[in-house]
Structure formats: C-alpha cells, structure tokens
Q: 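What follows is a structure written as structure tokens; I'll ask about it next.
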2 protein chains.
Amino acid sequence: MVPFVSKMTEATYFILAALLEAPLHGYGIIKRAGDQSGGRVKLAVGTLYGALDRLVEAGLVVLDREEVVDGRPRRYYRITDDGGTAVREEAVRLQQAARVVTGQIAVMGA
Amino acid sequence: MVPFVSKMTEATYFILAALLEAPLHGYGIIKRAGDQSGGRVKLAVGTLYGALDRLVEAGLVVLDREEVVDGRPRRYYRITDDGGTAVREEAVRLQQAARVVTGQIAVMGA
DNA sequence: CACCATATATCGGATCCCGATATATGGTCC
DNA sequence: GGACCATATATCGGGATCCGATATATGGTG
C-alpha cells in the first residue's frame, strides 16, 4: 500500500522533482529545490530527512551510493520508477488545480 | 500579518476557489470543491470549518449572510479581495510548481 | 579566531487534516 | 412506521507533517 497516491505535500513533491535529473545528497536536494522553485521553497533540514525517510520506506526513492568527501559522508539518493510516476502524476494534479482558478481548460492530450 | 502569503494548503485553496464565483454555505463549498476537482477533493467537515475559521480570521473570507431554510441555518461565506488575490497567486505557484516537472517553461507574460 | 557553507541527524512545538461523533430536518424506500 | 440518506452545522482528538533549534564536524574566508 504505497502512500502518495492521492496526495503529496509540497516538500515531498520538490524533493522528488529535484532528483529527476540525477541522484543528489541531502544538502544538494535542498539547494536544487530552492533553485527549481525560484528561491521560493526553502526545505528545512528537519523536513528533508523526515520526508526522505518516508519516501525510501514507500519505495519512491532509494539510497544510490555513499561517498566520503573530506571526512564528511555524502549519501546520494536516487528516484525510482514509482517515484517518477508519482511526481509526474502530482504535476498533473497541480496543473489541474491551477486551472480551476486560472480558467484554462485546454484539454490537450487526454 | 496575513498568513497564506507564501503557503496554502490544498483544502484552503479549494475552499477559496469554490467561493470565487458566488458566496456559498459550508455544505455547498464541500460539494463545489468536489465538482471543481473532478471528484478528487473530498473536504471533510472537520477540515472545512477549521479552515473556514482561519480564513475568516485572516480576512480572506467573510460571513456574507445567514438564512434559515426548513428550520436549519445556512451561513453563506463570501471571498474578499484579499482572498481573491491570494487564491490567484496560489494558482500561479501551483502552475510554476507543475512546470518544474512537466518542463513547460513557456514564459508568456512576465 | 570568528564566522559561514557544507553536511548529516534528532527532537519537540505548531499546524493542519480528517474521521468520528452529535444534533436536526425532510424525503425516499420497503 | 421505521430505516436510511442527503442536507446542514459544529466539536474533539488522533495522526501526519513541517520546521526551527540544536548538535556535531570540516574547510575556507575575513
């Protein structure tokens, strides 16, 4: 029973979105989420690691590899196929929600 | 200090969206939010009245009028100018968030 | 030497969602 | 007549989540 099927928080969404292009470590996710949102989303570390644990448990993200740079560990996370599907579905829901207010009902594909 | 400026929950967004066209009473908001989201959003009553109280307190929604139908009270809520601005801004944020994943960077206006 | 960016991790307060519950009326079905 | 459902409002409490504070550690900059 995978969660995130009908609802996803903003933090979770941007974490998955940040991982779409390439695996990243925690701090890298925070920075990329900030970049991708135009500086609007500032993930707190407490938010990140909690959400990351839930995503790993749900199978939407997996631990890719661990590196040690300057004595500090770096844990890279990778998005799974399920994670990619989930974040793309969420993007569609966000777009549909936006259209309710913007009034753009253009039903291009389906 | 008006909240909802940088973040708005899904429930709050759909409540405001439901009120854009005309004032509605609580139960009417629940039904319209369900319609507008294609049946996806099912506001629980506990969610509605809690969120409604916060919105009134924040000045995004006001009590429009009270009616009594069949001995049952009906309390109509109306969205304010601030509420309209807030929900339109949120719609833009949702669209921008969706674009992060869908890749549509079409910068039409600004 | 102080401070900041990088990097991970945990804890607890605060916020919010939402099902359960309560109350009340009118219509439908059997 | 009684069971059930839609309508309609309201409250309570559990659970999920966010997030600032805190802790620990290293290397670079002023």
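Model, not experiment: these values are computed from the prediction.
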Q: Would you please confirm or rule out a distance under 4.0 Å between OP1 or OP2 of C:dC16 and any side-chain N or O of B:Arg54?
A: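 For C:dC16, OP1/OP2 do have a side-chain N/O of B:Arg54 under 4.0 Å.
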
Q: Under 3.5 Å, is there a donor-acceptor pair between the side chain of B:Thr102 and the main chain of B:Ala98?
A: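 Confirmed, B:Thr102 side chain pairs with B:Ala98 backbone.
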
Q: Roughly how many Å is it from CD1 in A:Ile15 to P in C:dT8, rounded to a whole number?
A: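 In whole Å, C:dT8 P and A:Ile15 CD1 are 13 Å from each other.
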
Q: Need one value for B:Val45: base, sugar-phosphate or nothing, where a base atom within 4.0 Å counts as base even if backbone is also close, heavy atoms only.
A: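 Answer is base: heavy atoms of B:Val45 come under 4.0 Å of a base.
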
Q: Specify the residue among B:Arg72 and B:Tyr77 whose closest nucleotide of DNA chain D lies further upstream toward the 5′ end.
A: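 Going by which nucleotide is closer to the 5' end, it is B:Arg72.
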
Q: Whole angstrom is fine here: how far is it from OH in A:Tyr13 over to C1' in D:dC18?
A: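 After rounding, the gap between these two atoms is 19 Å.
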
Q: Quick check: does any side chain N or O of B:Tyr13 sit under 3.5 Å from a backbone N or O of A:Ala97, one acting as donor and the other as acceptor?
A: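 Present.
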
Q: Is A:Phe14 close to B:Val100 at the side-chain level, that is, under 4.5 Å between some pair of heavy atoms?
A: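 Side-chain contact under 4.5 Å: yes.
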
Q: Please report, rounded to the nearest Å, how far the P atom of D:dC19 is from the NZ atom of A:Lys42.
A: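 Rounded to whole Å, this separation is 12 Å.
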
Q: From CG of B:Leu43 over to P of C:dC16, roughly how many Å is that when rounded to an integer?
A: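 That distance rounds to 15 Å.
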
Q: Considering just the side-chain nitrogens and oxygens of A:Tyr49, establish if one lies under 4.0 Å of OP1 or OP2 belonging to C:dT10.
A: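 Answer no for this pair, as no side-chain N or O of A:Tyr49 is under 4.0 Å from OP1 or OP2.
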
Q: Just N and O in the side chain of A:Lys7: are any of them under 4.0 Å from OP1 or OP2 of C:dC18?
A: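 True: A:Lys7 side-chain N/O within range (under 4.0 Å) of C:dC18 OP1/OP2.
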
Q: D:dC18 P sits how many Å from A:Glu10 CD, rounded?
A: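 Value for this atom pair: 9 Å.
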
Q: Just to confirm, is there a sub-4.0 Å distance from OP1 or OP2 of C:dC17 to any side-chain nitrogen or oxygen of B:Thr47?
A: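 Negative; the distance criterion is not met.
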
Q: Taking it one step at a time, do B:Met8 and A:Glu10 satisfy side-chain contact (heavy atoms from CB on, under 4.5 Å)?
A: CA-CA 10 Å; B:Met8 189 183 291; A:Glu10 193 185 40; over 6 Å; no

Q: When the distance from CZ of B:Arg74 to P of C:dT25 is rounded to whole Å, what number comes out?
A: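 Going from B:Arg74 (CZ) to C:dT25 (P), I get 15 Å.
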
Q: Map A:Arg75 and B:Asp70 onto DNA chain C by nearest heavy atom, then report which one ends up closer to the 5' terminus.
A: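 On the 5' side of the pair lies A:Arg75.
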
Q: Between B:Leu55 and B:Thr12, what is the shortest heavy-atom contact and its length?
A: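 Heavy atoms only, the tightest pair is CD2-CG2, 3.6 Å.
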
Q: Look only at the side chain of A:Thr85 and the backbone of A:Asp81, and say whether a donor-acceptor pair between them is shorter than 3.5 Å.
A: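 Yes; at least one donor-acceptor contact below 3.5 Å.
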
Q: Near DNA chain C, which residues from residues 23-37 of chain B have a heavy atom under 4.0 Å away?
A: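 Nucleic-acid contacts, sorted: none.
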
Q: Distance check: side-chain N/O of B:Thr12 vs OP1/OP2 of C:dC16, anything under 4.0 Å?
A: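 Checking C:dC16 against B:Thr12, no side-chain N or O comes under 4.0 Å of OP1 or OP2.
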
Q: Which pairs of donor and acceptor atoms, one on a side chain in residues 58-69 of chain A, lie under 3.5 Å apart (sequence neighbours left out)?
A:
| from | atom 1 | to | atom 2 | distance (Å) |
| --- | --- | --- | --- | --- |
| A:Asp64 | OD1 | A:Arg78 | NE | 2.6 |
| A:Arg65 | NE | A:Glu67 | OE2 | 3.1 |
| A:Glu66 | OE1 | A:Arg75 | NE | 3.4 |

Q: B:Leu48 CG to D:dT7 P: how many Å, rounded?
A: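 That distance rounds to 14 Å.
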
Q: Please state how far atom CG in B:Leu52 lies from atom C1' in C:dC18, giving the value in whole angstrom units.
A: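 For the pair B:Leu52 CG and C:dC18 C1', the rounded distance is 16 Å.
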
